[in-house]
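Please read the structure below before turning to the comments.
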Amino acid sequence: MYLKSLEINGFKSFAKKAALSFDTPITGIVGPNGSGKSNVAESFRFVLGEQSIKSMRGKRGEDLIWNGADGGGKMNRASVRATFDNSKRLFNIDFDEVSLERVVHRDNTNEYLINGSPARLKDITELLAAAHIGASGHHIISQGEADRILSANIMERREMIEDALGLKIYQYKKIESQRKLEKTEENMKQVESLRREIAPHLKFLKKQVEKIEKAEEMRNELRGIYKEYFKREEDFIRVEKARIIHEKEKPEADARRFDRELVEAKSILEASKNKDAASAELILLENELATCRREKDEFNRKLGGIEGEIAAAHRVIAKEKEKHSKDEFKTVLLKDVEGVAQNIEELGNLTDAKSLFDQVKKLLRTFIASHRDAQDSALIAETEKEIVIMKEKKSALELDLKKISEKETAVEENYHALRQKIESEKDKNRDAEKNMFRIIAAQNEVRTILAQLKSREDIIAATEIAMKREFEEAYMVIGREVSEYQDFVVAGEESRTAQEERRKQIEKLKIRIEDAGGAGSGADVMKEFKETEERDIHLSHELADLEASKASLEKLIADLDARIDFEFKDGILKINAQFQQFFALMFGGGTASLSVVKEKRRKKKSDLDGLIGDDQETNMSDEETEGDEESREGLDISVNLPRKKVKALMMLSGGERALTSIALLFAISQVNPPPFIILDETDAALDEANSRKYGDMIESLSKYSQLILITHNRETMSRAGVLYGVTMGADGASKLLSIQFEEAVKVAK
Ligand code: ATP
């Protein structure tokens with residue numbers, strides 16, 4: 001016997017603490033209607049973890065707590081404790097006694113305790129499942145539920161029997177494994193999707209790595225070429241520079257000399273700049289000379305004129321002298337006559353005519369006398385005077401002439417001297433000029449040579465810059481190793497074109513390296529590739545692990561299925577044997593059995609199926625349509641009452657139904673006996689004869705399971721070892737008391 005006691009406190013109608021101990025195989029609970037007997041059965045369901053409040057005739061958890069009555073106040077909690085003997089380790093915990101307790105509060109919260117320690121509902125359920133006790137299991141038959149197994153459908157029936165056969169634990173394991181399998185498959189999907197996510201990147205990285213490796217190869221090749229290239233380039237630059245310096249020496253010296261010579265020549269020519277001044281002076285002298293000559297001619301002409309005039313004057317004098325030897329040619333000047341007349345007029349104031357006359361006679365005589373001689377000598381004298389003046393002029397002219405002649409001579413001398421000088425300078429310049437042209441020509445020649453050298457110098461400078469630039473680039477592409485070119489030993493001379501070819505090859509390689517992913521060493525990419533590859537490998541291992549655990553879970557599920565199937569079928573065989581016996585016992589013959597039947601259900605058509613055309617559907621054969629059905633195994637009951645043709649369960653009478661279900665219930669309970677069975681008025685519909693048979697069956701059943709029977713049936717009561725009476729007082733609270741059979745019969749009424 002496993003069940004030891006039950007304590008109810010505040011549960012439903014049990015306001016106060018009530019305790020039942022189960023010391024005998026059959027315990028009866030009796031009492032009038034509504035006293036609270038069923039509440040005892042429900043307190044069992046409650047403590048075993050029942051979650052359906054409805055199955056305990058309530059709506060909320062609150063309904064399970066003593067709600068008070070006229071006499072007493074409400075309770076805030078309801079608790080039920082069931083105590084089991086665990087010395088045989090019915091429950092898989094290391095205690096000889098196990099007590100399970102459940103408390104419900106008004107706020108609908110629940111507490112579970114195992115041996116006084118808080119536990120989870122799950123812990124209770126698992127503990128009970130392993131001991132073949134389910135919360136809503138087959139071993140608690142509520143009032144009016146005796147024929148539940150008959151009215152259930154084939155699948156529900158199967159579940160009940162699986163539960164009774166103790167297959168629930170496998171079902172739990174199966175469900176758990178299926179859940180694990182789902183989780184595993186989910187994880188696999190995740191891992192697969194991660195791998196899929198990585199895959200293109202990994203592929204890309206792999207290609208990158210290949211490119212990098214290829215680039216590294218090319219860089220090695222480039223490194224070799226570069227070393228020779230730089231070495232040769234450096235040598236070439238050095239040699240060419242030295243050559244230019246040497247070749248420049250002579251032309252530069254020449255150029256310097258020519259410069260000096262040119263300066264000299266120039267200074268000579270510079271001096272000849274005065275030539276113009278001399279020429280100008282020469283012209284001046286020429287002009288002066290011409291002026292002198294002109295003046296001299298003028299003086300000569302004038303002199304000639306004067307000399308002519310003088311000769312003419314002499315001829316006048318001679319002519320006059322000849323003429324003046326005769327009076328008739330003598331002449332008086334009117335002016336002189338007017339002068340005499342004037343003088344006579346001035347004598348007018350004289351009154352004395354004689355004196356006047358005398359005076360006039362005297363005046364006239366004087367006048368004539370003076371004019372006889374005077375008039376003739378005046379012309380000659382005049383002319384002679386003129387001659388004197390002219391002679392003076394002549395001598396003045398002669399003096400001028402002399403002067404001008406002297407000046408002419410002097411100017412002429414100067415002119416000739418200057419001319420002479422100019423001529424001699426001209427010769428000197430001509431030589432200097434010739435020299436200068438020669439120097440300039442030579443200078444040009446030297447300059448051409450120097451210009452050529454300069455251009456070679458420029459070229460070599462550009463070559464040097466280009467090399468430097470190339471070196472920097474090479475350093476970037478190849479790294480510091482490129483500096484080692486100085487140690488490179490070149491083999492023999494070669495033409496510059498070979499170096500050019502080398503350069504072209506370098507350019508080509510550089511482009512190819514660039515195309516292959518740039519100049520970097522790709523360390524980052526390599527690292528990333530390695531990491532990604534490792535991650536991929538790790539994921540593939542993980543996937544393999546998951547696949548392995550999936551396979552083992554699938555195997556476990558298959559094993560569980562096989563075990564459930566085997567134990568179920570085996571259980572059915574055993575149940576059938578018992579069922580037949582109990583049935584025949586109850587009905588005095590007849591046959592009854594359970595049979596495994598397949599329930600065919602049409603699978604729900606998917607939306608996709610709806611899209612398939614009619615033609616295709618009608619063309620389908622029966623075989624093909626069968627795939628659309630899902631078949632599950634359920635349990636059917638077939639009965640054959642003695643002397644009756646009725647076979648359908650539906651057509652049995654209430655008593656017959658009760659008997660059939662009791663027979664089945666007992667058969668099930670015997671095959672895999674639960675530790676205890678609670679039957680709440682299962683015997684209500686039985687007549688006296690059948691009550692007796694029922695009593696017999698109970699007794700044989702009690703050998704395997706403890707029985708708690710709620711009953712009004714006298715016969716049943718008589719089979720119980722201990723009887724508890726339940727009464728309800730005026731306060732609406734149930735009370736429990738252990739009573740004797742006789743009392744019980746009374747109480748039950
Ligand atoms: P019958 O013989 O007619 O089947 P019974 O003895 O099985 O009756 P129960 O159905 O167990 O009686 O008890 C019902 C009684 O319990 C009712 O009177 C009901 O009022 C009372 N009851 C149920 N829940 C509560 C509660 N939360 N607080 C107080 N009383 C309650």
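As the structure lists them, so they are numbered: ligands from 1, and atoms in each ligand from 1. If you read the sequence from its start, that first residue is 1, and numbering goes on from there.
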**Message:** Could you work out, with ring pair (Phe, Tyr, Trp, His ring centres under 6.0 Å) as the rule, every residue matching Phe587, not counting sequence neighbours?
**Reply:** Phe583
**Message:** Side chains of Asp683 and Thr711: any donor to acceptor distance under 3.5 Å?
**Reply:** yes
**Asked** So which residues, sorted by chain and number, lie with a heavy atom under 4.0 Å of ligand 1?
**Response** Lys12, Ser13, Pro32, Asn33, Gly34, Ser35, Gly36, Lys37, Ser38, Asn39, Arg57, Asp63, Ile65, Trp66, Asn67, Gln143, Glu681, His712, Met728
Can you list, pair by pair, the side-chain donor-acceptor contacts under 3.5 Å of residues 546-554, counting residues two or more places apart and other chains?
| from | atom 1 | to | atom 2 | distance (Å) |
| --- | --- | --- | --- | --- |
| Ser549 | OG | Leu546 | O | 3.1 |
| Ser552 | OG | Ser549 | O | 3.2 |

**Message:** Regarding Glu185 and Lys189, does a basic nitrogen lie under 4.0 Å from an acidic carboxylate oxygen?
**Reply:** no
**Item:** Approximate separation, where rounding is to 0.5 Å, of Arg719 CZ and Asp696 CG
**Value:** 4.5 Å
**Listed partners of Glu192 passing salt bridge (charged side-chain N to carboxylate O under 4.0 Å, His left out), at least two apart** = none
